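Structure first, then comments.
Everything numeric in this text was worked out from a predicted model, so none of it was measured. Letters A, B, ... are given to chains in the order of the sequence lines, protein chains preceding strands, and every chain is numbered from 1.
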Protein chains: 2
Amino acid sequence: MPTPAALAGIAALIGDPARAAMLAALLDGRALSAGELAEAAGVTPQTASAHLAKLTAAGLLGAAKQGRHRYHRLASPAVARLIEGLLELSVAPRRVVTGPRDAALRRARTCYDHLAGRLGVALADALAVRGAIELTDEGGAVTESGTGFLAGIGITPPARSRVWCRPCLDWSERRPHLAGALGAALCTRCFELGWVRRQAGGRALDITPAGWRGLADVFGVMPERLQG
Amino acid sequence: MPTPAALAGIAALIGDPARAAMLAALLDGRALSAGELAEAAGVTPQTASAHLAKLTAAGLLGAAKQGRHRYHRLASPAVARLIEGLLELSVAPRRVVTGPRDAALRRARTCYDHLAGRLGVALADALAVRGAIELTDEGGAVTESGTGFLAGIGITPPARSRVWCRPCLDWSERRPHLAGALGAALCTRCFELGWVRRQAGGRALDITPAGWRGLADVFGVMPERLQG
DNA sequence: CCGATGCTTCGGCCGGCATCGAGGCGAGGG
DNA sequence: CCCTCGCCTCGATGCCGGCCGAAGCATCGG
């Protein structure tokens, strides 16, 4: 066996509550400062610093110094997928929480670089219903007609770097939403069109009036589908 | 946030070297007894018992009592994927090992329920070269001609339970091999045809004379492609 | 019915790691 | 130029959890 202990090393790194909270906070793809991460993890800055150094050394995080701040982000999509997989397995047992301030998060948020929450699931459903994509719990594909439909809203597949269409299990909805390069492109497009906007205080997204119209006109996603 | 600490709990569980060794030993999809897992982890039976209880309680393992033995296995493909993802990230930094007794493992082994090692990668390559499948690092698909080719060797897609074609990053070859239901079916077929056989001592596979002929005739995989 | 085997539970030891207080360094701002 | 703010390093403390020895239950064989 090549890496029996190395595996444990990475997992143990994620296994600390403070570090896990930091990684979860970074799961939406933004880069956060050391101080923000310290607050997110509920520890003092010096403790957070030690954690961040370890995560960066292990290649889970990438850091960028900027002025007197130091911004940290997930090192790669592979790390994001790993955390998602961990969430998928850790959500299963408990079924109780559902805090009130989670409502906004559950409605719409970003997951690394794509849309999640009820909005993400609804978009994936809408695309599947009209036969543009096919999703299962482990894989997905864009149909021929789907390629045309997506081109109509300004989304075309890139050369050949990342996988184009991939499902990602939504931890709040427990159903797959759209990830991969297509998920990222769709998310970017929604921001460009002014359909969604990042909420002031956190990771949740606001859907603008133009967004409501666009979602209904283009995708047939009705507002009541997105209410709690 | 719904599961900040639960995530850490699962990760911390995997983060112990003994438990990680057990999970890695189960990664080939077999069910092992508590004693075998204790030896694999290098701990005494009573210590292993405690670890196994925790892993089972967390839903990572499934246990089946049989006589005076108790067999443990990974609870789901999702768990296997998680461990694979962890391996993918943990192999990256180190690049030194390559022990001599790993040679057999690197040549051919099972990975949860499909083939891995040079054999697994060579089969995936062969299918890709002849245009039967298309694999990237995150997704994959079977082409139209590929469906016919696979049917010719007795492999047809199941109704609609699991994803059919999926890549899985090989930790020894650092390149994708074939997973998903197709990978499992291909693996099963190789066993049925007597092409491969499990080695006595462990997870590695032996390729039989009939296997060498079949691999060359059906897939065009030449023996020298599988040598270290 | 008795011994052997495999697994589990209990109790106590010990090492490792997270945590925080104090102090040092660099970057801005006045 | 000094003061403030953000971040990192060092040292000491304390707790959590893995580990094994011994003993308690099940199953299988004779």
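- A 4.0 Å heavy-atom criterion places the boundary nucleotides of DNA chain C facing chain A at dA18(C) to dG28(C), written 5' to 3'.
- Side-chain atoms of S49(A) never come within 3.5 Å of backbone atoms of Q46(A) as a donor-acceptor pair (strictly under, hydrogens ignored).
- When atom types are taken as modelled, the side chain of D113(B) and the backbone of G29(B) share no donor-acceptor pair closer than 3.5 angstrom.
- For the helix from dC1(C)-dG30(D) to dG30(C)-dC1(D), the axis fitted to the five pairs at one end and the axis fitted to the five pairs at the other end meet at an angle of 30° (nearest 10 degrees).
- Under the 3.5 Å distance criterion, with hydrogens and angles disregarded, a donor-acceptor pair is assigned to the side chains of E36(B) and S33(B).
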Residues E84(A), R81(A); criterion salt bridge (Lys or Arg N to Asp or Glu O under 4.0 Å); working and verdict: CA-CA 5 Å; E84(A) 285 162 16; R81(A) 262 177 291 152; over 6 Å; no

Give the intermediate values and the outcome of side chain to side chain contact (heavy atoms under 4.5 Å, CB included) for residues F191(B) and T110(B). CA-CA 11 Å; F191(B) 273 101; T110(B) 50; 4.3 Å; yes

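- For residues 50-65 of chain A, the set of pairs meeting the side-chain hydrogen bond (donor to acceptor under 3.5 Å, both in side chains) definition, not counting sequence neighbours, comprises R19(A)-H51(A).
- Applying the ring-ring contact (aromatic ring centres under 6.0 Å, His included) rule to H177(A) yields the partners H114(A); only residues at least two apart in sequence or on another chain are considered.
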Run the side chain to side chain contact (heavy atoms under 4.5 Å, CB included) check on R30(B) and L26(B) step by step: do they pass? CA-CA 6 Å; R30(B) 290 181 301 168; L26(B) 292 169; over 6 Å; no

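- The residue P45(A) sits apart from the nucleic acid: no heavy atom pair falls under 4.0 Å.
- Nearest heavy-atom pair across G194(A) and A210(A) is O-CB, 4.4 Å.
- Among R118(A), R107(A), R109(A), the single residue meeting the salt bridge (Lys or Arg N to Asp or Glu O under 4.0 Å) criterion with E173(A) is R118(A).
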Full working for side chain to side chain contact (heavy atoms under 4.5 Å, CB included) between F219(B) and I153(B): CA-CA 10 Å; F219(B) 293 98; I153(B) 55 178; 3.7 Å; yes

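- For DNA chain D, the neighbouring residues in residues 65-73 of chain B, judged by any heavy atom under 4.0 Å, are G67(B), R68(B).
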Treating primed atoms plus P, OP1 and OP2 as sugar-phosphate and everything else as base, which nucleotides of nucleotides 16-21 of chain D get B, S or - for protein heavy atoms under 4.0 Å? --SSBB

Apply side chain to side chain contact (heavy atoms under 4.5 Å, CB included) to L7(A) and L89(B), showing your working. CA-CA 8 Å; L7(A) 191 164; L89(B) 289 178; over 6 Å; no

